[in-house]
Peer 1: 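One structure, pasted below without further comment.
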Amino acid sequence: MGGKERDRGALKSALVVAGGLALAWVTMETAFKPWLDRLRTSVARSDPATDPDDADETAAAAPYKAEDSKDMDDAAYAEEDMKVLERVQAPE
């Protein structure tokens with residue numbers, strides 16, 4: 001009889017741990033959704049055949065064009081980034 005109760009306890013512990021991990025994953029996905037979406041979008045756009053270190057500096061310094069964006073969320077992020085840059089670069 002002790003073996004069955006021990007097995008139930010182990011199963012219960014495993015379910016609690018699995019439930020906790022699932023809850024933690026959902027919480028992290030929800031909390032960091034904007035950044036994760038941007039990261040996933042940039043990874044999807046990246047070309048593994050090109051080396052970013054070999055890119056021309058002028059191309060890297062070119063401003064982001066929101067009209068090239070396929071997703072309105074990207075345009076909103078770009079606009080917000082530009083506002084932050086203006087605030088940082090503005091003389092006080």
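Residue numbers run from 1 in the order of the sequence given. Computation of the quantities below employed the complete heavy-atom set of this structure, encompassing side-chain atoms and omitting hydrogens, waters and symmetry-equivalent molecules.
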Peer 1: Which heavy-atom pair separates Met28 from Leu36 by the least distance, and what is that distance?
Peer 2: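 Heavy-atom minimum between the residues: O-CD1, 4.3 Å.
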
Peer 1: So how far is it from Glu5 CD to Lys12 NZ, rounded to the nearest 0.5 Å?
Peer 2: 10.0 Å

Peer 1: Measure across Pro34 and Ala31 and return the closest heavy-atom pair with its distance rounded to 0.1 Å.
Peer 2: CD-O, 4.4 Å

Peer 1: Looking at CZ of Phe32 and CG of Asp37, how far apart are the two atoms once the value is rounded to the nearest 0.5 Å?
Peer 2: 13.5 Å

